[in-house]
Amino acid sequence: MAEKKKWFTMDFGLKKGAVVAETSGCGCGSTSGGCGSHSAPPKQEPVASSCGCGSTSGGCGSHGKTTMPKSEYSITADEFDAAVEGTMVGETKKDGFQQVFDVKMDRRTAFRKLTASLLIGAGAVQTSCSPIAGDETKEKAQIDWEEQFKGNYKLMTQEEKQATVDRLVRSYQLRKKENIKMSATDAAKDVLFGYAFNISKCQGYMNCVSACVEENNQDRNSEMEYIRIHEMKDGQGFKFHDADDNFYHEVPAAGHFYMGTQCFHCDEPPCVDVCPVEATWREEDGLVVIDYDWCIGCRYCMAACPYDGRRFNWSKPEVPEAEVNKNQHYLGNRMRKKGVMEKCTFCIQRSRSGKDPACVEACPTGARIFGNLLDPDSTIRWVLENKQVFRLKEDLGTEPKFWYFMD
C-alpha cells in the first residue's frame, strides 16, 4: 500500500537547520597576519583569553568575545525557529492602514490608491459633518473608510475577520436593501481537498459550467467562466491548442471526447509565488484563495498559472439581484470589485460546510468526483488507489490536486 500514497504530498515544505560557519578566534577579521595572534602561541601558562596575542585585555580587539566549538554552532530547525520567534517578541502588529501603504507598488498604483483613499476620507468627513445626512448615510461612509484601510485577510485575527464580514453584510444591506449570509469559515483539521475527472463519462453537456457561474456570482455581461470544457478529436491525444472550447452543437459529437479544466489548487502554486502583495495564498485544506480587496490587478498570477486557471475582470461584475447567490464566503463567491483576479475555489462556501462543489452536484453523468484526500473511506481515495490516474504537466512539480482517469 505504501507505493499508492504517491498521489498526494504530505510534506508541505521542509525546514532545514541553519549552520553558522566557523570564524576566527581573533577579532581582527583576518585568518593570518595582522595583530600577531595567528602565530603559534608562546610557551607559557594558558590564559583565559581566546586570542593568541598574549593579553587578557586591549590589543587586537578580540577580547571580550567568546569562541565556541564549531559543533555548538549547528542548531536544529526547531531551535532556529525558536530563536527567530524570540526576536519577534514585542514587535507591534501592523494595522490595516500600515499594511496598505507598506506594500511595494509602482507609482501609478500608489497614486491611484492614495487618491482613492483621500476621496473616501474626504467623503466620510463631509458626510459625518453634514446636518442633513441620515444615520444610514453616515454609517455607509464609515464602512467605506474602514474597508479602504483593512489589512490582508490572512493576517487578520478571528475578531478582525468577523468584523470585516459583518461590515460587508451591513454594506450590502444598506446598498441593496437585501440580506446576505457571509461566512469566514477556516480550513478544518485533517482535511485536504482533491478532485478527479472521469474523461470517459463527460459528454460535454456544460451543466457544470452553468452551475459554477450561478453559484459563484460570476459576471453575466462578460460571460466569465471558471470552468472550461474542451472538445477534442478521438485518437489525437490531448491537444488543447486544437480543442474547441466554445462549441454550440449537439453533444456528444461523434468522434470526439471531452475534458474539463479549472483551477487545480496546486500544493506548489506558482501563482502564489509571483504575487507582489500576497493577495493569493494556499490554505491548510489545499484551497488556493484570493483576497479580492488586497489584489492590485497586476495579473502576474494569471501569467504564472500553467493551467489557465485564473480570470481577470475588466469591469465590475454584474449579476441581476434576483440571481445573486446570497450564501457567500469572504474568500469565495462574494461580490467582487472591478480589476481583480477571480478563479475556482472548489466552491469554498460549499466545500467547507460539507457539500460538494456546484459543478460536481450538477454533472448529469457523474464525471466529477470531489472529497477529502485524508479520508481513507472517501470516493476520491478509492479512485486514486484503484484507477490509472494522471495529472497535467506533472513535470512542473506544481502538485495539482486535480486528477484525470478513464474507465
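What's counted below: heavy atoms across the whole structure, side chains too, no hydrogens, waters or symmetry copies.
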Give a yes or no on whether a salt bridge exists between [X] and [Y], defined as a side-chain N under 4.0 angstrom from a carboxylate O.
X      : Y      : result
Glu146 : Lys150 : no
Arg381 : Asp375 : no
Arg170 : Asp166 : no
Asp242 : Lys233 : no
Glu361 : Lys355 : no
Lys154 : Asp291 : no
Asp186 : Lys161 : yes

Reported [atom1]-to-[atom2] distance for the pair [X] and [Y], which is rounded to 0.5 angstrom:
X      : Y      : atom1 : atom2 : value
Asp190 : Glu284 : CG    : CD    : 11.0 Å
Tyr330 : Thr185 : OH    : OG1   : 14.5 Å
Phe405 : Trp403 : CZ    : CH2   : 12.5 Å
Ile180 : Arg334 : CD1   : CZ    : 9.5 Å
His329 : Ile348 : NE2   : CD1   : 4.0 Å
Ile296 : Met341 : CD1   : CE    : 12.0 Å

Checklist entry - Is there side-chain contact between Ser351 and Leu287, with at least one heavy-atom pair below 4.5 Å? => result yes
Checklist entry - Do Asn207 and Cys363 come close enough that some side-chain heavy atom pair is under 4.5 Å? => result no
For [X], give me all partners under side-chain hydrogen bond (donor to acceptor under 3.5 Å, both in side chains), at least two apart in sequence or on another chain.
X      : answer
Ser183 : none
Asp308 : Arg228
Glu283 : Trp281, Arg352
Asp356 : none

Donor + acceptor pair across side chains of [X], [Y] (<3.5 Å):
X      : Y      : answer
Glu223 : Gln218 : no
Thr345 : Tyr226 : no
Glu231 : Tyr258 : yes
Gln158 : Gln162 : no
Asn221 : Glu318 : no
Arg310 : Thr280 : yes
Asn327 : Gln349 : no
Gln173 : Asn179 : yes

Counting only heavy atoms from other residues, nucleotides and ligands, does the tally under 6.0 Å from [atom1] of [X] exceed 12?
X      : atom1 : answer
Glu178 : CD    : yes
Glu394 : CD    : yes
Phe247 : CZ    : yes

Checklist entry - Strictly under 6.0 Å, is that where the ring centroids of Trp314 and Phe312 end up? => result yes
Next on the checklist: Parallel, tilted or perpendicular, judged at 30° and 60°: which one describes the rings of Phe257 and Phe238?
Outcome noted: perpendicular
Checklist entry - Where does the angle between the aromatic ring planes of Phe346 and His265 fall among parallel (under 30°), tilted (30 to 60°) and perpendicular (over 60°)? => result tilted
Judged by atom type as modelled, is there a donor-acceptor pair below 3.5 Å linking the side chain of [X] to the main-chain atoms of [Y]?
X      : Y      : value
Asp285 : Ala187 : no
Trp382 : Asp377 : no
Asn198 : Ser200 : yes
Asp219 : Ser222 : yes

Checklist entry - Taking the six-membered ring of Phe264 as reference, does the NZ or CZ atom of Lys401 fall below 6.0 Å from its centre and within a 45° cone about the axis? => result no
Checklist entry - Which heavy atom in Cys347 sits nearest to a heavy atom in Ala358, and how many Å separate them? => result SG-N, 3.4 Å
Item to check | Smallest separation among heavy atoms of Phe402 and Arg391, with atom names | outcome: O-CG, 3.4 Å
Checklist entry - Are Arg175 and Asp144 close enough, and set up right, to give a salt bridge (charged side-chain N to carboxylate O under 4.0 Å, His left out), and what steps lead you there? => result CA-CA 12 Å; Arg175 287 173 169 80; Asp144 290 342; 2.8 Å; yes
Next on the checklist: Can you list everything that forms a ring pair (Phe, Tyr, Trp, His ring centres under 6.0 Å) with Tyr205? Sequence neighbours excluded, please.
Outcome noted: none
Item to check | salt bridge (charged side-chain N to carboxylate O under 4.0 Å, His left out) involving Glu159 - partner list, sequence neighbours excluded | outcome: none
Checklist entry - Going through the distances and angles, do Gln328 and Asn333 end up as a side-chain hydrogen bond (donor to acceptor under 3.5 Å, both in side chains)? => result CA-CA 5 Å; Gln328 303 174 8; Asn333 61 336; 5.9 Å; no
